[in-house]
Structure formats: structure tokens, C-alpha cells
Amino acid sequence: LILITVSIVEDLEEIRNGLAGIIRMTEGFEVLGSFASAEEALPGLEKDPPDIVIMDIHLPGLNGIECIRQARRNNPRIHFMMFTIYENNDSVFEALEAGASGYLLKNSSAAKIAESLKELYEGGSPMNAEIAKKLVLRFQQPIYSQDEYHLTVKEKQVLQLMSKGYLYKEIADELNNTVNTIKQHIRHIYEKLHVQNKAEAINKVFLK
Amino acid sequence: MRSISKLVFETLWIFSGQFSFAQEYPFINYTPKDGLVSSRVQKFYQDSKGRIFFMTGNGLSLYDGARFLNYSIDDGLASPLINDVLEINADSILVATNTGVLNAWVKGSIKTIKTRNGYCPVINKFLRDQANVIYAATDQGLFRFDKDIFIPIPISFNQNEIACNLVDIFAIGNHFLLKKFDAKYISYDLVLVNKYTGVISSFLKGMAITCVLPVTAGNLLLVIADYKLLSFDLDAAGKGVFRQINLPPPYLSLEPFILIKIILDRNNNMWAIADKAILRCSPDGDIQSFDRSNGLVLNNIVSLAVDRENILWILSDGSGVVKLVNRNVRLITGQIGKSPATFTAIYTDDSGNVWLFNAEDKRLYCQGRDGLKSWQMDSTLNVYNIGSRSGRLLLFSGDEIFEAGLSKKTNRFAVRKIYQHVNDSINFTRAETDQNGNIYLPGHILAVLTPSGRVFKTDVPGFIDWITFDQQQQLWTITRNGFLLCFQWQPKPTGNPLILKFQYKVKMGDPRSIAVDKEGKVWIGTRFSGLYCLEFNNRKLISQRHWSTTELLSDNFIYYLTCDKNNVIWAGTQSGIDKISFSGKVVESITRNNNIYQMIYKIQLGKNSDLWAIGSGGVVHIQDENPEEVHYQPQLQIMRMIAGDKVLGLPSGRTVLPSQTRQVSFEIAAPSFIDEKRIAYSYRLDGRQEEEWSRATNQAGFHLINLQPGEYTLHMKAFFPVSKYRTEELMYHFIILPPWWKAWWFYWLLAAIFIGTLVLFTRMYYQKKLQKQEVNFERQRAIELERTRIAMEMHDDLGSGLTSIRYLAAGLATSAPTVVKEKAIKIESSAKQLVDSMNDIVWTLKSDNNLLSDTLNYIRKQAGELLESFGMEYRLNFPMQLDEIKLTNEQKRNLILISKEAVHNGIKHSDATILTVKAVQDNGVLRLVFSDNGKGFTQEPGTMQGNGLHNMKRRAAEIGASIQMVQDSGTTIILTMKLG
């Protein structure tokens with residue numbers, strides 16, 4: 001049995017420990033490290049890269065988003081899961097752009113947390129109406145009309161329905177698909193977002 | 001010379017024997033006193049606008065009927081002696097003076113024409129032929145005038161060029177007929193020159209040629225040579241041959257006279273200048289002579305002309321010019337032969353004889369077809385009126401009536417008194433006779449003397465002057481106090497046969513004379529107020545018209561009225577004879593037109609469409625006038641325009657005057673010379689307040705004062721009261737420019753500046769307002785943002801705090817003893833719920849979720865998640881497209897909370913298996929419908945459901961919405977909210 005390794009970056013000790021407790025109690029998961037700050041986390045993640053990092057956004061010092069950016073540079077295969085109190089937090093989208101693959105509400109039940117982690121590891125990415133709305137706008141920008149980042153018709157439909165508050169199940173019904181396929185689409189959408197983000201980053205580097 | 005004079009004298013004397021009455025004709029003389037430039041008038045020319053140019057030995061006079069415009073060397077003429085003029089086109093006329101310079105009269109001023117080569121011969125006569133080519137007979141020979149150059153046409157005879165000193169030129173066939181001065185014999189020759197070769201075909205030499213007159217109608221070329229009228233074949237002359245033919249019969253009458261010049265008038269009368277008189281030879285050959293004895297006082301007559309109105313103009317070198325207008329009117333003055341004459345009575349009988357009584361010699365005169373005859377009457381007899389009855393003359397003295405019969409044997413009149421006056425109330429001088437031989441004697445009573453000698457006296461309401469008969473032989477009369485009476489003569493065994501048929505009191509002052517026309521209209525002449533025409537229908541007055549001197553009657557005292565067979569009314573007034581014709585439209589004062597002014601007592605209609613009138617100055621005889629219509633219509637024209645002090649001459653098109661112009665004068669004319677002083681003019685000026693026609697006056701000029709800048713149209717009219725011409729109208733535009741500060745461009749500029757300023761200020765104002773609004777808005781936004789930020793931060797802190805509590809509680813729950821554990825779980829769930837609620841609050845606080853669609857999407861998602869988590873079947877029916885309507889934070893929050901409550905109620909309390917949420921946006925109203933298939937709803941307050949419903953209603957009220965609940969098979973909660 002391979003255990004999925006998880007590291008936690010969370011400044012509040014109670015939460016960090018609570019979360020760690022939940023993960024430890026979840027079958028198939030193992031807590032690899034837990035850090036109170038980005039500065040602390042970066043060398044830790046470097047030294048001991050986990051499969052998934054649960055990352056609080058608001059950290060003292062370097063924030064979660066910057067931490068993702070830097071950590072991904074050295075270790076692009078780590079899945080980052082944003083850890084937030086409110087799902088409509090602006091920073092979530094920013095983090096997704098920076099390379100996070102999903103988000104986790106701090107308020108989620110233990111079961112939900114476990115489910116989300118599993119899903120992420122298996123390739124799914126959580127999404128909500130707010131994020132979908134922002135993605136629709138983001139993909140209307142000229143650079144996304146290029147082939148490489150071009151959303152397929154299906155992906156567009158998913159995003160549209162998502163932004164209107166449809167649940168995965170409803171979207172699946174609407175588009176005659178399974179929930180998994182929908183999740184797949186969402187995953188692709190994120191990838192395209194990350195690719196774009198990378199391209200932007202590369203451009204920035206080379207054009208300087 | 002003496003023998004010729006004697007012959008003429010005798011001839012005239014013989015002819016004057018035919019005219020026993022001394023006659024005067026209305027000659028009118030124009031001299032420098034009237035404005036003519038010089039009394040030495042040589043030639044006459046009438047242009048296409050009817051104006052007359054008099055060429056004199058000392059300048060040029062243009063007469064338009066209203067004024068003489070004079071031109072002398074001071075005005076630019078090269079020489080005072082004018083030889084000829086020729087119209088090139090309207091208002092531009094060539095003027096040849098007796099010098100080698102060509103002038104032109106152009107729009108009122110004299111110009112000098114510069115020829116291309118600078119050469120100009122001394123022109124004596126112009127000719128424009130049918131091809132419109134202009135030729136000039138000059139001292140230097142024959143020339144063609146081509147635009148601006150004189151091209152010589154060489155004339156040769158036997159290869160010798162000879163022609164010079166040409167004074168006159170005619171185009172006849174393919175020849176020119178030239179009149180040439182022969183210096184050797186000091187006389188004039190005629191030459192026929194081929195038009196195309198310039199070769200002379202024929203001469204008429206050695207005879208003193210004074211006049212040439214081609215008469216196309218009779219194929220005649222009339223020539224006066226050696227003071228005799230000769231005639232040649234015109235066609236032959238056109239082919240280059242002088243072939244003399246016999247004078248046609250009418251002109252034979254002129255053979256005895258010494259002739260100098262001849263012309264033909266429009267009625268084919270030939271007028272001739274003889275050495276002592278002007279002669280008229282009618283187409284029948286009748287000769288009439290005009291000289292000093294009948295009013296023609298002129299010395300040195302040099303030329304005659306007939307204008308387009310058939311007026312004769314007699315030109316004299318020294319005495320100006322004389323016109324003779326109506327040759328059908330003559331005045332028989334107080335002279336018969338050499339004896340003085342005072343005519344007191346006139347009568348025209350049925351045979352066409354005119355009877356006159358001369359009080360001077362007590363002779364009765366009769367002008368008949370055989371001439372004038374006379375009979376000596378008793379020296380005591382005074383005849384004031386003549387009539388006739390049964391072929392016998394009736395002679396009326398002051399108080400007696402005589403019947404006079406002419407004895408053929410003795411050629412004397414046998415006179416018998418038939419009535420003597422009874423009292424003073426009867427006036428014999430105005431007696432009239434009817435068809436039955438009744439003699440009517442008007443006065444204070446109306447007496448009728450029948451042929452059988454009976455006398456009927458009829459009382460009348462006032463004094464009557466005249467009686468008249470209408471077509472039905474009814475007798476009409478009017479009293480001086482205004483009673484119009486109509487009688488019928490109805491013979492019966494007893495009593496007065498004169499029956500009053502009709503009486504009408506007229507409303508006019510002092511009636512005197514009366515006539516009834518062919519249409520039954522009653523014409524009444526008054527003492528002071530002119531003439532009235534009354535029309536009756538069934539004895540009711542239906543119309544009344546009035547004429548006075550204002551309507552150009554010669555006088556307002558109408559002494560006598562009569563109606564001729566053409567239904568023309570003739571009025572004898574204090575100062576002449578007026579003719580009212582064309583149903584009263586035209587009043588024509590015949591005597592005044594002919595310069596005759598006298599009181600007319602009585603008018604008698606002659607049998608030959610002529611008219612005889614007796615007046616204070618003699619007898620006026622008016623013959624049937626103008627049998628030939630004259631085809632002429634005067635043109636109203638502007639002769640001069642004067643703006644301020646500046647004479648603008650003949651204006652063309654329209655005139656633009658400078659802005660300071662305040663006064664503009666127009667001198668106008670409508671050339672007609674019948675009685676030019678009587679032409680009336682009126683104007684109306686469009687462009688300022690008063691736009692009425694001015695009162696028609698004889699002033700041929702308008703003086704417009706106090707003009708302001710603007711556009712004007714001057715409308716002008718000319719009326720021709722003395723002739724039958726149509727009223728002429730003319731209009732003329734002129735503009736007085738506004739001063740620059742009133743010019744249109746200045747107004748536009750002002751307007752542009754004004755509008756620009758307005759726009760600028762408006763823009764500034766709105767910009768400022770916008771800025772202010774923006775500032776306000778920004779401030780508002782900043783406040784909003786700040787508030788949101790504070791709320792968000794607070795919620796972030798609270799959220800993370802609560803999360804910490806939750807995790808602590810969760811930790812506690814895993815490890816603590818059961819009593820604590822239960823409490824820990826409760827703490828955890830409360831904290832979780834609080835965070836969930838805060839999630840909603842944080843969502844509503846965010847500004848990018850302002851649209852209705854955002855809220856509905858959120859509600860949809862919440863409901864879906866909630867229902868999903870409870871594993872309940874559900875249907876969410878939300879519109880895909882929604883209007884872009886913004887919601888306030890309050891609305892967002894309350895809508896979300898109401899929805900949550902409604903869904904929660906459906907899940908928790910209804911035992912329903914399916915829940916449907918539906919959102920409808922329709923006509924500005926949002927409807928959220930939550931329906932389940934559960935057991936229903938308890939509304940009682942205090943219960944959870946009751947509280948929930950109460951909460952929903954309260955929240956709905958906060959945002960102006962309403963909640964409705966329907967309980968059917970299940971529960972339906974409907975939220976209705978007005979949008980916008």
C-alpha cells in the first residue's frame with residue numbers, strides 16, 4: 001500500500017494540528033510535514049517533497065500563493081491544495097493561477113477533506129461558480145484564443161454551467177456525461193490555465 | 001415761286017369753301033418750355049419700349065410721356081447736331097452725330113463707341129435690313145457696321161468709285177436706294193445700287209429729290225421730286241430700274257400742291273408737308289388741310305412722323321414739335337366763314353342732317369350730305385331748342401313753340417306758333433318729343449302737348465331738368481330733390497294719359513340729368529357729385545355705382561346725359577364731354593383728350609355714328625372714332641433710379657444699395673402719348689410695414705423715404721384712363737445692404753460664437769458635475785470599499801477564529817470523556833454553522849457579485865448543495881439569461897437568506913420527497929418559487945415553521961418584496977420582488 005503523502009502549511013497551530021489529526025486518521029494518507037510559515041515550508045518541501053501540500057493562503061511573511069509559485073519551480077509535480085475559510089476568496093483564484101490545483105474549505109468536515117484529497121490525487125480538481133466565472137473571463141482574453149490554450153466546446157459548456165451555480169451532478173445530467181468526465185474537463189481547464197501561466201512566466205523571463 | 005404760292009393759296013381757298021365752319025383741332029405743342037432740349041427738331045425715332053427720341057439741331061431729347069431726358073455735348077455727345085439713331089437692343093441705341101464719332105445711348109447715359117480701327121464716318125442715316133445687318137449712309141460713302149467696325153462698301157459706276165455724301169438709305173429688293181447730295185446742283189439725287197456687287201444700276205438725277213417713301217402694299221415707290229409727287233414701280237426699283245408709273249387715284253388729289261414731304265399713317269391716310277400747310281389725303285382722296293387757321297401754329301415744318309398709337313407728330317425747325325392725337329374730334333368755333341357765330345340750339349334729324357341756330361345772324365343752318373345750307377329766320381326769333389314732329393321742325397324759344405316747314409318753292413321756312421307759355425314753371429329749352437308727336441315740357445310741372453293741341457299737366461314732386469325715354473318708350477325723369485319718376489303714355493278717353501308707373505327716392509345730392517341705357521340701367525348726373533348708375537330689378541334697387549372726378553370725370557357737374565346705340569353713355573359736363581364705355585369700366589374724357597374745355601349743354605347723336613354737342617365755346621363734332629384698333633400696349637418701365645443723391649440711371653436686374661441708403665426714388669414711364677398727363681401711377685412697396693397700393697396719381701415717380709436695410713420689391717402700376725390700354729404692372733427688386741454688424745454673416749458669426757460658448761459652458765458645467773459626481777461616487781465607493789474591507793477583515797478574523805475553535809472542539813471530541821465530547825461536538829457544529837453563515841455574508845459583501853444573475857446563481861448553488869447533502873430529490877429551474885440588473889447588498893443578503901430558509905423548511909419540516917426551486921424574471925419582477933410535495937406547513941407563531949415564515953416575511957419587507965404561501969398538495973412559497 002502506497003500512502004499518499006501530505007504536507008501542511010498553516011500558521012494557526014490548532015488548525016494545523018486538527019488538520020493533521022484528520023489526515024492521519026484518514027486511510028491511505030500520511031502527514032509528511034507540517035509548517036507554520038512559507039519560509040519554514042520551502043526548504044522542508046524541497047528536502048522532503050510530498051504528493052500534496054495543503055496550503056493556507058494568509059501566512060505571516062511570504063504568503064501561500066508566493067510559496068506555491070516558488071515551490072513549484074523546484075517541484076512541479078507537487079499538487080497544491082489551497083486551504084481557505086471562504087470558498088469565494090479572491091486569493092483562491094490567484095492561487096489557482098499560480099499553480100494550485102484545487103481548494104479545500106477549512107470548514108469542511110473530516111470526510112469531505114479526505115474525499116477532496118483523494119480526488120485531487122486522482123486527478124480531479126474542485127471548482128465553484130465564482131472560480132468558473134473568473135475562468136470564463138480569463139479564457140476570453142486574446143492569449144487564450146490561441147490553439148494551445150483554447151478551451152474545447154465541452155470545457156466551455158462546463159465552465160458556463162459551473163458559473164451559473166450548477167453542481168457537478170447537474171452539469172453531468174445536462175451534458176449527458178458522468179461526473180468524472182466533468183471533473184476531467186475541469187482538470188484540463190486548470191492545466192490550460194497553468195500552461196498559460198507558465199508561458200507568461202517564460203515570456204517574462206526571456207523578455208526582460 | 002410766286003406763281004406756285006398763288007396756286008396753293010387758291011387751292012386752299014377752294015377747299016376751305018367746302019368747310020363752311022371754322023374748325024379747330026386739338027394740336028399740342030411741345031417746346032423747350034415743356035422740357036424739349038431744343039426747338040429745332042429734325043427727326044423722330046420711337047424705340048421698342050415706346051419712347052420717342054427727338055433729334056434736334058442742339059442735342060437729343062428722349063420723351064417717355066412723363067419727362068424729357070435731354071442729352072447735349074455736356075453729356076458726352078460728340079456733336080450737338082444729331083443725324084440719326086438706331087436701336088440695337090432694348091435700352092441701347094446708336095446715336096450718330098454730325099461728326100466722325102459714334103455715340104450710343106445706353107441705359108440712360110451717353111457713351112462713345114470706339115471702333116476697332118478707330119474710324120467712324122459722318123453718319124447721316126442708319127439702315128437695318130431684314131437680315132439684321134446694319135448699314136450706314138455717310139458723308140464718306142456706304143458702310144456696313146459690324147459689331148465695332150465700319151466696313152466700306154465701294155460703289156462704282158463704269159469702274160469709277162463715286163459714292164459719297166449719302167444722306168438716306170433704303171433696302172429695296174436686291175438693291176439699296178441711296179439719296180445722295182449733289183454738290184454741283186445743290187440738290188439730291190437717287191441712286192439704285194446692287195446690294196451684292198456695289199455697282200450702280202440706275203440714277204435719278206437733276207431733279208430736286210426731297211422725299212422717298214416705299215409703299216410695299218401698293219408696290220409703289222413714292223418720290224417727291226421738284227415738289228411733285230411721283231410714283232415708281234417698287235419691284236422694278238428692287239431690280240435696279242426706276243420705272244415711273246401713274247399716280248394711283250387717291251394721290252391725284254395732291255397733284256395741285258407743292259409738296260416737300262409725305263408719310264402714311266396707320267389708317268393709310270397720307271400726310272404731306274406742303275409749303276403752307278399740312279395736308280391729309282384720305283384713302284378716298286379727300287384732302288383736309290391743317291394750318292394756322294385751325295390751330296396749327298408752326299414755322300418751318302421739316303418732318304412728319306406717326307407713332308405706334310397713330311398719333312401724328314409734326315416736327316419744326318424752330319417751333320418745337322406738335323402732336324395731333326384724335327383727328328376725329330373737331331371743334332366748330334364761333335365763326336362761319338368770316339362771320340361770327342353763337343350757336344344756341346342743335347338738333348340731328350332722322351335723315352342725318354344737323355340743324356344749328358346761330359343767334360348772331362338769326363340763321364338756321366343745316367349740315368347735310370350736300371354741305372352746309374342756311375336760311376334766314378325772323379330777326380326777333382331766338383331759338384334755344386330744336387326738335388321735329390311729323391317731318392316739320394319744332395323751334396323752341398324761351399316761351400313759345402313754333403312749327404317750321406320748308407317751302408321748296410321759295411326755299412324759305414314758314415313758321416307757325418303752336419304754343420305759348422302758360423306760366424313760368426315750364427322750360428321750353430329742354431323740351432323733348434316722343435314717337436307720337438307729343439311734346440314734353442319739363443319744369444316745375446311736366447306738361448305734355450299732344451299733336452291735337454291738348455295740354456296735360458302732371459304734378460311732379462320737384463323741379464325736373466330733363467326727360468328721357470327708355471327702350472319701352474317709358475318716360476323717365478328725376479327731380480332736383482331726388483325723386484326718380486317713370487311714366488307711361490297710355491291714351492284713354494278721359495283724364496291724363498301720362499301714368500306714373502314707378503317712383504323712387506334716390507340718395508344723392510341735387511340730380512340734374514338722366515339717361516336710361518339699353519340694359520335699363522338708370523344714369524343720373526348731379527350738380528355737385530358726379531354720375532350715378534342705378535340698376536333696378538322689379539322696382540327694387542339692386543346696385544348703385546358712382547363716378548366723380550376721382551374716377552376721371554372731367555367735372556362733377558353733369559349737365560346732360562345720353563346713351564348711344566352702342567350702349568355708351570355720353571356725359572356733357574361743366575368742362576367737356578365724357579364717354580363711359582365698357583360697362584362703365586372706362587371713363588374717357590373725349591374733349592379733354594383733345595384739349596377742348598367747355599361747358600356742354602346738350603349732346604345730339606348723329607345718324608352716322610357721330611355725335612354733336614353744343615357748348616359754351618361752340619360745337620364739338622366727334623366722328624366715329626378709331627375704326628382701326630391700334631395694336632399698342634404701353635410698357636411700364638423704370639427710367640431712372642435715384643438712391644440718395646446718386647442717379648443710377650436705368651437699373652437692370654436688381655439693385656443692391658449700400659447700407660446707409662435711406663431714400664430711393666424711381667422715375668417711371670409708360671409711354672403713351674394720347675394724353676400722357678392723364679396716365680395714373682400707383683405703387684406698393686413690399687418689404688416694410690405699409691403694403692397698400694398708393695393712391696393713383698399722375699406723378700410718374702415714387703419717392704421712397706425712411707428705408708431701412710432689407711429686401712424690397714416695388715410693385716408699380718400704370719393706368720390709362722384716357723385710352724383702352726390694359727393696366728400695366730411692373731415689379732422691381734432692390735436690396736439695401738445691412739450694415740456689417742447686421743449682415744447675415746455677422747449674425748451667423750454671433751450665433752456661432754454664442755452656440756460655441758453655450759456648448760463650452762454646458763460642457764464645462766457637466767464636466768464639473770460629472771467630476772463632482774465621480775468624486776462623490778469615488779468617495780462613496782471608497783467608503784463602501786472600506787466598509788467592505790473592514791467587514792471582510794472582521795469576518796476573516798472571525799472565520800479563522802471560529803475555525804480554530806472548531807478544530808479545537810474536534811480535537812477535544814476525539815479525546816475527551818463522553819460528557820465533554822458531546823459538548824465539544826456541539827461547539828464544533830455551531831462554529832461550522834457560523835462559518836457557513838459568514839461565507840454567505842462575505843459573498844454578499846463582494847462587489848463583483850452585484851448582478852441579479854450572480855445572486856440567483858449563488859442561490860441555485862446553495863440550494864443544490866444543501867439538497868444534495870440531504871440526499872433529497874430536487875429540481876432547480878433557473879433562467880439561463882437574465883437582465884443585467886444590479887442588486888444592493890441588502891437585497892442579495894435577504895434573497896439568499898430567504899432562499900436558504902425556504903429550502904431548509906422544505907427539507908426539515910415537510911416530509912417531502914421532492915423540492916423544486918424556480919426563478920422567473922418577468923416584466924421587471926423577480927419571482928422565486930419554492931414548492932414541495934410535503935405535508936404542509938404550520939403557520940402558528942412560536943413553532944419553528946411559523947418563525948421561519950415570519951422571518952422570511954420580515955426579510956422580504958426589508959427589501960420591498962412580498963412572500964406568499966400556497967398550501968395545496970404540498971407547500972409553495974412565492975417570493976415576489978420588484979426589480980430596478
Side-chain angles (χ1 to χ4, degrees), chain A residues 8 10-25 56-60 83-93 104-113 126-134 136-137 157 160-171 173-174 179, chain B residues 792-793 795-815 828-829 831-846 848-849 851 853-869 874-876 878-882 919:
Chain A
I8 300 162
E10 164 64 62
D11 60 329
L12 288 174
E13 197 195 342
E14 300 84 19
I15 296 175
R16 190 168 66 237
N17 293 339
L19 184 62
I22 290 166
I23 294 166
R24 273 189 208 103
M25 284 168 65
D56 185 20
I57 294 170
H58 301 289
L59 294 170
F83 197 48
T84 176
I85 304 167
Y86 309 119
E87 67 178 328
N88 41 52
N89 198 316
D90 287 337
S91 312
V92 174
F93 188 75
L104 188 62
L105 283 180
K106 288 183 180 175
N107 208 19
S108 303
S109 58
K112 175 84 181 169
I113 292 170
M127 182 167 306
N128 64 31
E130 309 299 308
I131 294 166
K133 203 167 87 183
K134 284 183 169 138
V136 168
L137 289 171
Q157 283 175 331
Q160 282 290 349
L161 291 171
M162 200 82 217
S163 71
K164 293 205 176 299
Y166 281 61
L167 304 182
Y168 285 1
K169 200 186 107 190
E170 286 181 287
I171 298 170
D173 285 350
E174 189 79 28
V179 172
Chain B
M792 296 262 275
E793 270 180 15
H795 283 92
D796 279 355
D797 283 354
L798 280 174
S800 47
L802 281 168
T803 311
S804 298
I805 291 168
R806 201 206 123 196
Y807 277 94
L808 274 175
L812 205 62
T814 51
S815 53
E828 192 199 347
S829 116
K832 191 177 175 327
Q833 259 182 30
L834 279 170
V835 174
D836 279 343
S837 304
M838 274 195 299
N839 215 345
D840 291 340
I841 294 165
V842 169
W843 186 87
T844 54
L845 286 172
K846 292 179 74 175
D848 52 353
N849 295 330
L851 294 177
S853 57
D854 296 323
T855 301
L856 289 183
N857 291 343
Y858 191 78
I859 289 170
R860 187 186 206 285
K861 198 197 104 182
Q862 292 277 39
E865 276 177 356
L866 199 61
L867 288 160
E868 188 79 14
S869 66
Y874 59 92
R875 254 173 228 127
L876 305 176
F878 282 67
M880 285 299 275
Q881 289 298 326
L882 285 160

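Residue numbering restarts at 1 for every chain, and letters A, B, ... go by the order of the sequence lines.
- With a threshold of 4.5 angstrom between heavy atoms, B:Asp854 approaches chain A through side-chain atoms but not through N, CA, C or O.
- Between B:Glu828 atom CD and A:Ser109 atom OG the span is 9.0 Å, to the nearest 0.5 Å.
- A:Tyr166 is linked by a side-chain hydrogen bond (donor to acceptor under 3.5 Å, both in side chains) to B:Arg860, counting only residues two or more places apart in sequence or in another chain.
- Options B:Val835, B:Ile859, B:Leu802 differ in how many heavy-atom pairs under 4.5 Å they form with chain A, and the most are formed by B:Val835.
- The two residues B:Lys832 and A:Asn107 have their closest heavy-atom pair at O-ND2, 2.9 Å.
- Among the candidates A:Ser163, A:Gly21, A:Ala110, the residue making the largest number of heavy-atom pairs closer than 4.5 Å to chain B is A:Ser163.
- Across A:Ile15 and B:Ser804, no two heavy atoms sit closer than the pair CD1-OG, 3.5 Å.
- Minimum heavy-atom separation, A:Glu14 to B:Tyr807: O-CB, 3.9 Å.
- Between the CD atom of A:Glu13 and the CG atom of B:Leu808 there is a distance of 9.5 Å, given to the nearest 0.5 Å.
- Of all heavy-atom pairs spanning B:Thr803 and A:Lys106, the tightest one is CG2-CB, 3.5 Å.
- Using a 4.5 Å heavy-atom threshold, the side chains of A:Tyr168 and B:Glu868 count as separate.
- Residue B:Asn839 comes nearest to A:Ile85 through the heavy atom pair ND2-O, 4.4 Å, listed as atom of the first residue, atom of the second, then distance.
- Interface residue A:Glu170: only side-chain heavy atoms are found under 4.5 Å from chain B.
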